[in-house]
Amino acid sequence: MKKRCVCLPDQRFHNYLTRTVSARDLFRLKVKSCSILKSEILIFARSLCKKKPKETPSCSSCRRSSPPVFISLLSVRWEEERYEDGVKWKSLEHNGPYFPPEYQPLPDDVNFFYNGKKMKLSLAAEEVALFFAQMLDHEYTTKKVFRENFFKDWRKEMTRQERLVITDLEKCDFRELHAFHKDKVEARKALSKEEKQDQKDANQKIVDKYGYCLLDSHRERIGNFKLEPPGLFRGRGEHPKQGMLKKRIQPEDVIINCSKEATPPAPPAGHHWKDVRHDNTVTWLASWTENVQGSIKYIMLNANSKLKGEKDWEKYEVARKLKSCVDSIRDGYLRDLKSKQMVARQRAVALYFIDKLALRAGNEKEEGETADTVGCCSLRVEHITLHDELDGSECVVEFDFLGKDSIRYYNKVPVIKKVFKNIKLFMESKDPGDELFDRLNTALLNKHLSSLMPDLTAKVFRTYNASITLQQQLRQLTNKSDNVAEKLLSYNRANRAVAILCNHQRAPPKTFEQSMANLHSKIVARKEQLALAKTELKLRLYVRFVLFGVSMVDRKAAAVKRCEDQLLKMELQATDREENKQIALGTSKLNYLDPRISVAWCKNMDVPIEKIYNKTQREKFAWAIDMTEADFEF
DNA sequence: AGCGATACTTAGAAGACGGGAA
DNA sequence: TTCCCGTCTTCTAAGTATCGCT
């Protein structure tokens, strides 16, 4: 089905939505201005009409009638009423969260052994034991903290008798449980085609029932409609709580949020919700408090929803606004480097880092509750080393710390003299464990930033610098005359420059070396094939009048061409993959790069958008794909 | 100012899927 | 047709930021 875009003169984002709708759905929307829009839709709807109408719905605002045609992938912009400040919706209806299946007790022939003796565990203890057994192949289970936390929490689930017996994790033998789990995974893989299809159908039913909600009469996908199943907490890095038991969430733990008029979702039989609220200033549909960290978790909409899309658009608009005043803000913090006030100096240096290196803000964290990681404001003296001179540069700051997700940030950066001197000053008579910016925190920093520009916070710099870098790199790296494969390599390289700036790392894939070798051997094979094809082509040219018609020669020439193209493509792919070994592009693509830059680039370069964004990404960025012209500038 | 609660974005890992080579 | 590997999708942890209270 062809996509059709109805454009209103005003292209502000809130007029926008893409979705599969029926004509009837369209009319249920509160369409304010119906002149251009409604007639356009009607024309389009009529052109798609195949079935005879059963009834004739009419538009709520103009009372025009139209047959109930079903339009697929119609992309529409319309004017919806803007809500007053803070209000996120007028109506919200959903079926509540999906609960994970109950625990299935182990069969009798699968046993846990303690100190070499078979031991039948109570249901609760058995379930938790299985959590551990399932993870035996994982490095986690070798870590002291993980084992201790697990054991402590496991004992809490045991009966008094079990607790008396099981006093040492080392004496526990989970091997049968582990094997049982592995068999189960294998069995699932080995299911017949039909059985797999049945599974799929069953899953689809769950998605159909729980995966969507009705928000202001739009059917929207929910991002995480399944409650998190119980298990062992897997923190990142040296997390002090790793291995603790994540308890099963009961309906009594769950708060439901929906509109007053809606029928609230029914709790599972014999249960009740913790609360049912009607708060339209928030976007979540359900929430619960998780037991390991005590934080609140939410069920929210999918990234392709209007609510999330609008927010995303706003984020990039703020970053673009920063573009127009970043020069004066830079002047400001460079001036502040000489301020008489210590706070201002610290703030200036922190901003210099955040702007130049795209560091995160660095909120303070509760000690001992999480892994020891830092961001800009929470940097400690031990995380930086100053070099008056290093590798031919003066005033070099060496950073070495663990950031978000315990990903290491290591960088040697030449800085301007004033910054260097200030850092020296901040470090004076401090211990390695002391804070570098002892007068500064993120609240202070953000307060200052918002006084410079409305909505400006520390993280906007990351968005701004990421997006502007992509735009610059794309301009620098791509030529209109390149072929698509070359253009894509350039795009990925631009993307990679951003990922490096933002320090988006990944563990090198386990199979990396192998797959790289495979690719290289394929390239070698292709080269041989090409050489052969070329020889044959020459031969055929030579004997063209004797043995072959001209077309045969043409065909061979085409084969050579095809072979050359494929070889080139593979070589580019190899370069791309090699450069990408430890770098993750996805995070920046999804969260930092204004999609309109990529869309405009695709239009300018005649690259199909599908080469850049997969289906999910296209859905998330539908707003940008739809509204962006080739001349867009970030 | 400091703090805890809250809401929402950003993040890498793991698991599921599916398309091409053998 | 099967199997393998890269890509997509899901999962949920870990950040940022703000607000209201003391």
Side-chain angles (χ1 to χ4, degrees), chain A residues 86 88 100 135 138-140 185 188-190 193 196 199-200 203 207 223-229 231 233-237 239 241-242 246 255 257 279 281-284 287 289-290 292-303 307-308 311-312 314-315 360-366 369-371 373-378 402-407 441-447 449-450 455-460 462-463 466 499 502-507 509-512 514-516 518-519 522 525 573 577 580 582-592 613-617 619:
Chain A
K88 307 288 170 53
M135 290 179 74
H138 203 287
E139 201 203 329
Y140 272 123
V185 172
R188 195 154 5 117
K189 268 192 228 161
K193 228 179 190 172
K196 276 188 181 162
Q199 281 272 316
K200 229 178 159 181
N203 277 333
V207 174
N224 57 329
F225 60 91
K226 288 181 177 171
L227 288 177
E228 293 174 14
F233 178 75
R234 300 155 90 113
R236 308 273 171 84
H239 201 294
K241 298 196 171 183
Q242 64 189 97
K246 249 178 72 161
I255 303 171
N257 194 31
D279 184 353
T281 67
V282 295
T283 65
W284 52 268
S287 73
T289 300
E290 160 263 3
V292 175
Q293 317 236 48
S295 64
I296 309 169
K297 301 244 178 165
Y298 303 92
I299 288 187
M300 288 186 186
L301 294 180
N302 188 276
L307 222 48
K308 293 274 188 190
K311 203 78 191 301
D312 211 30
E314 276 170 16
K315 174 180 79 184
R360 296 189 184 82
N363 282 319
E364 52 270 64
K365 319 168 50 180
E366 223 174 319
E369 296 292 300
T370 57
T373 61
V374 297
C376 184
C377 292
S378 49
L402 296 182
K404 181 176 178 179
D405 291 312
S406 293
I407 298 290
N441 60 41
T442 53
L444 232 45
L445 181 68
N446 281 334
K447 208 175 152 205
L449 288 175
S450 67
D455 301 321
L456 184 62
T457 60
K459 86 187 187 77
V460 179
R462 252 167 102 79
T463 312
C502 294
N503 200 40
H504 291 143
Q505 297 189 31
R506 60 166 185 177
K510 287 188 187 85
T511 54
F512 185 84
Q514 184 56 48
S515 80
M516 216 53 213
N518 285 351
L519 190 57
K522 265 196 208 166
Q573 200 186 358
R577 208 185 289 175
N580 230 19
Q582 297 193 60
I583 301 177
L585 300 186
T587 303
S588 48
K589 205 180 205 176
L590 230 48
N591 300 301
Y592 289 103
Y613 291 138
N614 67 33
K615 187 167 145 280
T616 316
Q617 293 163 340
E619 281 172 10

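Residue numbers begin at 1 in each chain, while the letters A, B, ... track the order of the sequences.
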Looking at A/Arg462, I'd like to know whether one of its side-chain N or O atoms comes within less than 4.0 Å of OP1 or OP2 on B/dA11. yes

Return no unless some side-chain N or O of A/Gln293 is found under 4.0 Å from OP1 or OP2 of C/dA14.
-> yes

Report task. Ignoring backbone atoms, test whether A/Asn614 places a side-chain nitrogen or oxygen under 4.0 Å from the OP1 or OP2 oxygen of C/dC8. Result -> yes

- [ ] Look at the side-chain N and O atoms of A/Lys246 and state whether any lies under 4.0 Å from the OP1 or OP2 oxygen of C/dA13.
- [x] yes

### Task
Identify whether any heavy atom of A/Gly223 sits under 4.0 Å from a base atom; if not, whether one sits that close to sugar-phosphate; answer base, sugar-phosphate or nothing.
nothing

C/dA17, OP1 or OP2 - any side-chain N/O from A/Asn446 closer than 4.0 Å?
yes

What one should report as the nearest heavy-atom pair of A/Ile299 and A/Leu227 is CD1-CD2, 4.1 Å

What nucleic acid atoms does A/Arg360 come within less than 4.0 Å of, heavy atoms only: base, sugar-phosphate, or nothing? sugar-phosphate

Next on the checklist: Does B/dA16 have its OP1 or OP2 closer than 4.0 Å to a side-chain nitrogen or oxygen of A/Arg188?
Outcome noted: yes

**Prompt:** How would you label the contact of A/Asn363 with the nucleic acid (heavy atoms, under 4.0 Å): base, sugar-phosphate, or nothing?
**Reply:** base

- Task: Could you tell me whether A/Gly362 contacts a base, only the sugar-phosphate backbone, or nothing, with contacts defined as non-hydrogen atoms closer than 4.0 Å?
- Result: sugar-phosphate

(message) Check the phosphate of C/dG15 against A/Lys459, side-chain N and O only, distance under 4.0 Å to OP1 or OP2. Yes or no?
(response) no

Checklist line | No-hydrogen, no-angle side-chain donor-acceptor test under 3.5 Å, A/Lys308 and A/Thr283 | finding: no

| said: What I want to check is whether an N or O donor and acceptor connect the side chain of A/Lys297 with the base of C/dT12 at under 3.5 Å. | reply: no

The residue, A/Asn302 or A/Gly235, whose nearest nucleotide of DNA chain C is more 5′ is A/Asn302

Comparing A/Asp405 with A/Thr283, nearest DNA chain B nucleotide closer to 5' gives the residue A/Thr283

Taking for A/His239 and for A/Lys615 the nucleotide of DNA chain C with the nearest heavy atom, the one nearer the 5' end belongs to A/Lys615

Check this one for me: any side-chain N or O of A/His504 less than 4.0 Å away from OP1 or OP2 of B/dT10?
no

Item to complete: For B/dA11, take OP1 and OP2 only and decide whether either is under 4.0 Å from a side-chain N or O of A/Tyr592.
Response: yes

Please state whether the phosphate of C/dG15, meaning OP1 or OP2, lies under 4.0 angstrom from any side-chain nitrogen or oxygen of A/Thr373. yes

### Message
Check the phosphate of B/dA11 against A/Thr587, side-chain N and O only, distance under 4.0 Å to OP1 or OP2. Yes or no?
### Response
no

